[in-house]
Amino acid sequence: MLEKLAEIKSKAIDELSNLSDLRELEAWRVRYLGKKSELTQILRGLASLPLEERKAVSASANELKAFFETSHRENKESLKERTYRDLETTVKGEKIDVTLPGRPIPLGRLHPTTQMLRKICDIFVALGFQVVEGPEVEWDYYNFEALNIPPDHPARDMFATFWIDAESGQRPMLLRTHTSPMQIRVMERTRPPVRVVVPGKVYRYEATDATHESMFYQIEGLAVDEHTTFSDLKGTLYEFAKRLFGEERQVRFRCDYFPFVEPGVEMAIDCMVCGGSGCRLCSGTGWIEILGAGMVHPDVLRRVDYDPEVYTGFAFGLGLERIPMLMYGIDDIRLFYSNDLRFLRQF
Ligand code: YSA
């Protein structure tokens, strides 16, 4: 047994000299002084030894225990000191220069389409219009029929359509090709006076090019009341153009055709690049078309139970991307939705 104790001591001293931190020292303590350690087992078994042997083993085992406890205490102190010294060296070596400027946090920004959409809506809100939104998945009825565009009407060719489940035999459904269906939805649920603008995404089944996307934004406007006249239409859109493009802009109205208005017009502003003398932007005409508009067709009013003898109204619709393209000289509409950060960060 005495030999066993000598063996334990030599092994423990050997391990002790190789410890490098407090965690290892604690493991050492458990190994040699813990409840399950060999030394503790020997001390517990002393009673079963013959008297003579018990005396000698007891003295040696207790001496070893005291030795281990002292060694543990001393090593703990020196390891603690070593840890502090190491920490101090590390901290001194890694000085933080608090005078350095912080790293900038990258800020997000609003998409140019969103910025323009808000700007335009703000102008109409200031003119007394309410902003409403509607579904992008729409019934054929609202997108076409209620707007005087029955099946097989040639005007359907103006609106290349993404149909949804056209073969199912149910009511035909589509991705709205313009925001005009919201004219019907708004009038169905409100009585005049009505004054709304409707911003939103629309879809056309078209090949994309520099001026055409298959998804783009439109803003629709609708005003209906007793005695609303074509002069109201002109005055409202004239004011809108001045507020958006500046006081000096000239505005021109010319006849156009949309089945849901009578008469129909297109509105143009004089070219902001050449001032009307003709350039590449305005294709040499001096004018840039901004929107389609007109007086709401009496048949459309009748369809929503508005008496056209009592109520009249005007409506307009504009392609949103067209405006920042003109203002900032952007020559390809596809830049808006191709998510190139170099383009988007400019706005
Ligand atoms: C007309 C009269 C009203 O009383 C009310 C609304 C309207 C506008 C009508 N609903 C409409 O959608 N007319 S439109 O087919 O000529 O489109 C309007 C604008 O959308 C165009 O002037 C153009 O700026 C834009 N647009 C059309 N197709 C586009 C497009 N923009 C990008 N990509 C396309 N594929």
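As the structure lists them, so they are numbered: ligands from 1, and atoms in each ligand from 1.
Among residues at least two apart or in separate chains, there is no salt bridge (Lys or Arg N to Asp or Glu O under 4.0 Å) pair with a member in residues 108-120. The ring-ring contact (aromatic ring centres under 6.0 Å, His included) contacts involving residues 187-229 comprise Phe162-Tyr205, where partners must be two or more places apart or lie in separate chains.
Ile290 does not count as a contact of ligand 1, since none of its heavy atoms falls under 4.0 Å from the ligand. Residue Phe314 places no heavy atom under 4.0 Å from ligand 1. Ligand 1 has no atom lying under 4.0 Å from any heavy atom of Met158. Residue-ligand proximity: Gln183 is placed with a non-hydrogen atom under 4.0 Å from ligand 1.
Residues Phe314 and Phe230 keep their aromatic ring centres 6.0 Å or farther apart.
Close N/O approach between Glu220 and ligand 1 is not found [any backbone or side-chain N/O within under 3.5 Å]. For the pair Arg204 and ligand 1, the shortest N or O to N or O distance falls below 3.5 Å.
For the pair Arg156 and Asp140, the salt-bridge criterion is met [side-chain N within less than 4.0 Å of a carboxylate O]. For Arg31 and Glu38, the salt-bridge test fails: no basic side-chain N is under 4.0 Å from an acidic carboxylate O. Of the charged side-chain nitrogens involved, none lies within less than 4.0 Å of a carboxylate oxygen, so that Lys9 and Glu63 do not count as a salt-bridged pair. In summary, Arg243 and Glu239 engage in a salt bridge, as defined by a charged side-chain N under 4.0 Å from a carboxylate O.
At the top of the distance list for atom 21 (C) of ligand 1, counting protein heavy atoms only, stands Gly319 N, 4.6 Å. Atom 35 (N) of ligand 1 has its closest protein heavy atom at Glu206 OE1, 2.8 Å. Counting only heavy atoms of the protein, atom 26 (N) of ligand 1 lies nearest to Phe216 CE1, 3.3 Å. Looking at atom 3 (C) of ligand 1, its nearest protein heavy atom turns out to be Phe260 CE1, 3.5 Å. Looking at atom 20 (O) of ligand 1, its nearest protein heavy atom turns out to be Gln218 NE2, 3.3 Å. For atom 22 (O) of ligand 1, the nearest non-hydrogen atom of the protein is Glu289 OE2, 4.0 Å.
With ligand atoms numbered from 1 in the order given, ligand 1 contributes 24 (O) to contacts under 4.0 Å with heavy atoms of Arg322. The contact set between ligand 1 and Ile333, taken as ligand atoms under 4.0 Å from a residue heavy atom, comprises 32 (C). Interface of Val261 with ligand 1, defined as ligand atoms under 4.0 Å from a residue heavy atom, comprises 4 (O). Those atoms of ligand 1 that come under 4.0 Å of a heavy atom in Thr211, given as number and element, are 32 (C), 33 (N). Listed by atom number, the atoms of ligand 1 under 4.0 Å from Phe258 heavy atoms are 1 (C), 2 (C), 13 (N).
Atoms CE and OH, on Met116 and Tyr328 in that order, are 4.5 Å from each other to the nearest 0.5 Å. Expressed to the nearest 0.5 Å, how far OG1 of Thr312 lies from CG of Asp225 amounts to 7.5 Å.
Thr228 and Tyr311 form no side-chain donor-acceptor contact under 3.5 Å, judged by distance and modelled atom types alone. Under the 3.5 Å distance criterion, with hydrogens and angles disregarded, a donor-acceptor pair is assigned to the side chains of Glu24 and Ser20. When only modelled atom types and interatomic distance are considered, Thr83 and Asp21 share no side-chain donor-acceptor pair under 3.5 Å.
With a heavy-atom cut-off of 4.0 Å, Ala315 touches ligand 1 through backbone and side chain alike. Of all the heavy atoms of Ala293, the ones lying under 4.0 Å from any atom of ligand 1 belong exclusively to the backbone. By the criterion of a heavy-atom distance under 4.0 Å, both the backbone and the side chain of His212 are placed next to ligand 1. At a heavy-atom distance under 4.0 Å, no atom of Glu321 approaches ligand 1. At a 4.0 Å heavy-atom cut-off, ligand 1 touches Phe159 through the side chain alone.
Of all non-hydrogen atoms in Leu64 and Leu39, the two that sit nearest each other are CD2-CD1, 4.1 Å.
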